[in-house]
Amino acid sequence: MKIYNTLTKQKELFEPTNPGKASMYTCGPTVYGFVHVGNIRSYLFADTLRRYLAYQGYEVKMIKNVTDVGHLTEDDLAQGDSGEDKVAKAAKKEKKTPEEIARFYEADFKEVEKEMNILPAHYFPRATAHVGQMIKIIEKLLEKGHAYEVNGNVFFDVTSFADYGKLSGNTLENLKVGARVEEHPDKKNPWDFALWINAPKEHVLKWESPWSLGYPGWHIECSAMSTEYLGNTIDFHTGGEDNIFPHHEAEIAQTECYTGQKFVKYWLHARHLLMGGEKMSKSKGNLFTLPDIKEKGFSPMDLRTLFLSSHYRSQLDFSWESLEQAHKNLQKINDFVLELELNGKKFEQALGSLAQSMDISGYEKRFGEAMDDDLNTPLALSIVYEMIGEYNRLHADGNFSPEDYGKLLSHWKKMNSVFGLVLQGQAEIPEEIRKLIADREQARKEKDFAKSDDLRSLEDTKEGYKIKQKD
Ligand code: AMP
Ligand code: ZN
């Protein structure tokens, strides 16, 4: 598999650190608001990577953190030393404790992931439970001369790390001519970032430390949780593109200075989901959540299909029209698979003697080639649509061999272990179709072949059942 590495700006062959294994760290939610579909796009991309690694036989270990402290409102601009804690701010607004806020929105996040059929990470560490580990790393950075303490605040000295800027291109040289950041009076260099902040009296989230009663910076938490659960060097680190700078740049600096080893082999970032040309975000409020999507009559799987239909590194502007199209495409897949399941059963007895009518493994091979090319899910899906098209044509011409039902189904299932689409399997055939099948059988007995359904009709052809859409 080749995958685009933000660090090297090219597609690279995946070579695991440990043969047969793959480790992944995904920057998870800051739990101060409902998960929106932009967040889902990033998590789904990480899920696709994980699923494809598993499809290829790798044993994957995936960690996704929960940010419940340290992420400040100004973190995209400043260096962790100004702004309010996002969770504490939401707590004030909703008149709850930060813990209540964090647990509530963490539960929402987990529910959304479940509905989207995103495989749960092996562990979801919370930042607040790892402050001890963060302090340990900060102590080491101070000891090694990569950090300094002033007035109970500890900053990372960016000039102490020659590679600063290697991920984002924001080297100190480039930053000099770029936008200036607000300078904190205790900092030596405006781009030094906060590892630990001395908490003002009114600040609720704070811990004892060797430097002050304070709280950790946002970046240090991911270094702490990543090294804790996955070791010093990991294969993949994923996030949305907004994470590249300053978050991931800072993670590299502090982790590599702490361990003296390479932190991450492959840095992967999903492009943003946009809303009217702007990044969908919690802070701007220009967002849709999964319940909004469902309220409009779409399913989580429609959304999944929409996201898989565009490449994770291309921008996507959210629209209801494209979701409608995704819904139709999913319906096509649904009917196809349902037919395979019904007919697989129907022709179970007759198998073993008939010739194959389709080159099914050829499709799976092309699917693999598409996925090998930087997880090209739109191409992989189009190969599936092509496969369905050929199946339908052969069926219509009376040239489809029932022998192929079972084979098509097993190849589809393998491919779908990567797409992760939850379909209406035989066990949950929609009532309307179930009734149709029963009616159809009854009608056949009564020699009445004219019955049909309003939306979908079921025909009994010599090659087996055929579900037809009526627009
Ligand atoms: P947050 O909860 O804001 O920390 O974001 C959680 C994850 O979602 C991070 O990896 C972000 O990069 C990602 N993310 C946030 N907004 C978007 C968006 N509009 N499109 C894609 N990913 C996003
Ligand atoms: Zn992170």
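All ligand and atom numbering here is 1-based and tracks the order in the structure.
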Proximal ligand 1 atoms for Pro29, defined as those under 4.0 Å from one of its heavy atoms
2 (O)
Test side-chain hydrogen bond (donor to acceptor under 3.5 Å, both in side chains) applied to Tyr105 and Asp68, step by step
CA-CA 10 Å; Tyr105 290 112; Asp68 53 359; over 6 Å; no
Closest heavy-atom contact between Leu316 and Ser310?
CD2-OG, 3.6 Å
Where do Phe155 and Leu195 come nearest, in terms of heavy atoms and distance?
C-CD1, 4.0 Å
Could you give me the CA-CA distance, side-chain angles and deciding distance for His219 and Phe193, then say whether ring pair (Phe, Tyr, Trp, His ring centres under 6.0 Å) is met?
CA-CA 9 Å; His219 316 310; Phe193 57 86; 5.5 Å; yes
Heavy-atom pair of closest approach, residues Lys187 and Tyr148:
CA-OH, 3.5 Å
Any non-hydrogen atom of Ala270 lying under 4.0 Å from ligand 1?
no
Enumerate the atoms of ligand 1 whose separation from the nearest heavy atom of Gly239 is less than 4.0 angstrom.
10 (O)
Answer yes or no for His247: is there an N/O/S atom below the 2.8 Å cut-off from the Zn ion (ligand 2)?
yes
Heavy atom of Cys27 under 4.0 Å from ligand 1?
yes
shortest atom 15 (C) of ligand 1-to-protein heavy-atom contact is with Asn39 ND2, 3.2 Å
Taking the non-hydrogen atoms of His36, is any one of them nearer than 4.0 angstrom to ligand 1?
yes
Check for me whether Gly28 has a heavy atom closer than 4.0 Å to any atom of ligand 1.
yes
Should we count CD of Glu99 as having more than 12 external heavy atoms under 6.0 Å?
no
Does one side chain, of Thr305 or Asp302, offer a donor that lies under 3.5 Å from an acceptor on the other?
no
Run down the list Ile244, Asn243, Leu273 and name the one with the heavy atom closest to atom 18 (C) of ligand 1.
Leu273
Thr67 touching ligand 1 at heavy-atom level, < 4.0 angstrom:
no
Using 2.8 Å as a strict upper limit, say whether an N, O or S atom of His219 approaches the Zn ion (ligand 2) that closely.
no
Of the protein's non-hydrogen atoms, which lies at the shortest distance from atom 6 (C) of ligand 1, and what is that distance?
Tyr43 OH, 3.1 Å
Heavy atom to atom 3 (O) of ligand 1, shortest distance: which of Arg271, Lys282, Met275 holds it?
Lys282
